[in-house]
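Below, chain A is the first sequence line, B the second, and so on; all start at residue 1. Because the structure is a prediction, the values reported are computed rather than measured. Atoms considered below: every heavy atom in the structure, side chains included; atoms not considered: hydrogens, waters and symmetry mates.
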Amino acid sequence: MSDILALIVAKYNFWLYIILMMIGLYAMIAKNNLMKKLVGMNIFQTAIILFYVSIGYKHGATLPIIQGGHGGHSAHDVVIHAADYINPLPHVLMLTAIVVSVATFGVAMALCVRIYQRYQTLEEDELRMRVSERITHE
Amino acid sequence: MNNMPAILVLAPLLGAFFAGLAAWIQKQLSYYIALAALAVSCVAAVSVLADVITSGTMQYRMAGWAPPMGIELRIDLLNAMVLVLISVIAFVNLVASVQNVAREIPDRAPSFYVMYLLFVVGLTGVTATGDLFNLYVLIEITSLTSYALIALGDKDRAPLAALNYIFIGVIGASFYLLGVGYLYITTGSLNMADVAVILTGIQGSTAVLTAFILCILGVWIKMALFPLHVWLPNAYAFAPVGFARVVAPLMTKVMVYVMVRLMVTVFGMEYIFETLHLADAVVWLAVIAILAGAFTALFQKDLKKMLAYIIVCEIGYMVGGAWLGNTLGMTGAILHILNDGLMTFALFLALGNIIYMRRQTVFSDLSGLFAAMPWTMAGFVLAGLSIIGVPPTCGFFSKWYLVLGAFEAGAYHFAAALIISSLVCAVLFFKVFEICFFAPAPGAQGHHVPGNPQPPHDIHTAGNLQPSHGHHAAGHAGAVVMAEAPVSMLAALGLVSASIIAAGVYAGTIVDTIILPFLQ
């Protein structure tokens, strides 16, 4: 039992992202309202962004900005230890991923507006009913 | 330095920018800019293919940064071939679909062309890139544009279909991204070639296994492998036809390419087939996908839906072939990327012509098509025969390699699935041919004397035919009047039909000069 606890505590960032991801996935599958599904989708994507952000972190490290790199000394004079700085690459990658998720969210919201204008509802069961009504009318 | 690989991807990107601007001046301009951008892309793709065949893999450093820090475009024989397929299909479709677009979405035509170009940027980028994270971003560019373009289709159902596609597409892309995260944790690199080198030392790692499963699962969702295919039929059936024609042959095939790339280049065949023991299960999954796709297609009453399920079935061929674990199977899968791209394109071109003239694709509305649109139907029959796998067409040769690979691997169930699905496809297509050929034209039943077969033009002169559907244009109301699609559409279909035959005749050459050297 304590082994499992130790495992969870040592890798808590992994457990957190998995819990968040599952909350998002649950909302996407189980919720009836399209907006709630979209929120679930956003939580799902954010979980992965947080996962990436957490893997760049190091204990006792600071922002990857080299102190004294400008001014009197050139950057080459300063001794740089990689262990002193957190890894900026995953964070930079996530800037792109955030843009992607915002864009997806925007497109999805625009589609929701379209659907609402057409059917006056965003509840999935009602939508299904109205779509099938429309087909039988034709 | 040869800049062709960059031009290939950047021409449609710049084209999209200028096409958007030009629409402010004159709406027609955006079409011509799109045409020019894709023509440039085509020329670049062909020149890259020629270069790669003569002088080997091309590595293009974006902005001069050396890998593994910088992003490189890495083009070898496989992606050079896929790039040519993408750019040529995108260009030909633009020529063929201009009238469809003008009729279906007249007010939004410029936006259609801008999004279309961005879609092509995504596809060519996915194919050309040598960087795992870059691949994710480009997959998302492709997906985002296709969500938007699908939503432009059928006013009642397309937005809902597109939204469902978004939900599933996001899960797929996120899984892939997560897999890349695990790869980055274990290797510290995102460059495909670099990751492959580092991975050879740490094959037993659970993190690598997790990464592999997540990446492959993500790509499977995007390519609509059977239980993960639910988004595809509605999305493709309700999309505007000018876009359905390009997304159906290309999107899923490019995702198959990504899978092959991950398997061959990044993780390596040895890792997949000797360390992991997933191959049997995946081949079984492919068998189920093939049979489920084929039999669901059999029960469709709408031509669009039927073709969409045929895509699901064909995806099973390629996944199964790639996972057989031998060169023959992989050759068949790669050859089928090319062939299936051409066949599906031809089928959707014919479908677009039918929609342009008839506006309906429900089977009961297809009667009399052979008489009314003989050239379109000729192309349709040829593509159908190729899907079934009749020898002179290209569909036969990839199926042949797949069956040979199945026998070599001892996967008889896969060979059986291939043959059964060919039979089902034969039933499917002959059912459609029968309706189009023998069923009396709408409104002609009363005038047509049973048991007295008349040539179509006689039926036409036999009497006044009432249009059965009020919204049909009067010119083809009787449907036996020769009412063929515009020349540009027919020319495109003719060209693609010729290439189906050519790809069949030169299948041996393609395998010898492109696929086998790539696999070695």
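Residue contact with chain A, scored on non-hydrogen atoms closer than 4.5 Å, involves the side chain of B/Asn164 exclusively. Looking at A/Thr96, the atoms closer than 4.5 Å to chain B (heavy atoms on both sides) all sit in the side chain, from C-beta outward. A/Phe14 touches chain B through its side chain: at least one heavy atom from C-beta onward sits under 4.5 Å away, while N, CA, C and O do not. Only the side chain of A/Leu25 comes within contact range of chain B, judged by heavy atoms closer than 4.5 Å.
Closest approach of A/Ala108 and A/Met41 over heavy atoms only: CB-CE, 4.5 Å.
Comparing A/Leu93, A/Asn87, A/Ile55, A/Val107 by how many heavy-atom pairs each has under 4.5 Å with chain B, the most go to A/Leu93. If you tally non-hydrogen atom pairs under 4.5 Å between each of A/Ile48, A/Leu127, A/Val99 and chain B, the highest count goes to A/Ile48.
Listed in order of number, the residues of residues 168-193 of chain B that approach chain A to under 4.5 Å between heavy atoms are B/Val170, B/Ile171, B/Ser174, B/Phe175, B/Leu177, B/Leu178, B/Val180, B/Gly181, B/Tyr182, B/Tyr184, B/Ile185, B/Leu190.
A/Leu50 is listed as a side-chain neighbour of A/Leu20, based on a closest heavy-atom distance under 4.5 Å.
Remark: A/Asp125 does not engage A/Arg128 in a salt bridge, criterion side-chain N to carboxylate O under 4.0 Å. A salt bridge between B/Glu140 and B/Lys222 is present, with a side-chain N of the basic residue lying under 4.0 Å from a carboxylate O of the acidic one.
Taking the six-membered ring for Trp and the full ring otherwise, B/Tyr116 and B/Phe119 have centroids separated by 6.0 Å or more.
A tilted orientation is assigned to the rings of B/Tyr136 and B/Phe133, their planes being inclined by 30° to 60°.
Side-chain N or O atoms of A/Ser132 include one that pairs as donor or acceptor with a backbone N or O of A/Met129 at under 3.5 Å. Distance alone, capped at 3.5 Å, places no donor-acceptor pair between the A/Glu126 side chain and the A/Leu122 backbone.
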Applying salt bridge (charged side-chain N to carboxylate O under 4.0 Å, His left out) to A/Lys31 and A/Glu124, what does each step give before you reach the verdict?
CA-CA 9 Å; A/Lys31 292 293 172 189; A/Glu124 245 196 345; over 6 Å; no

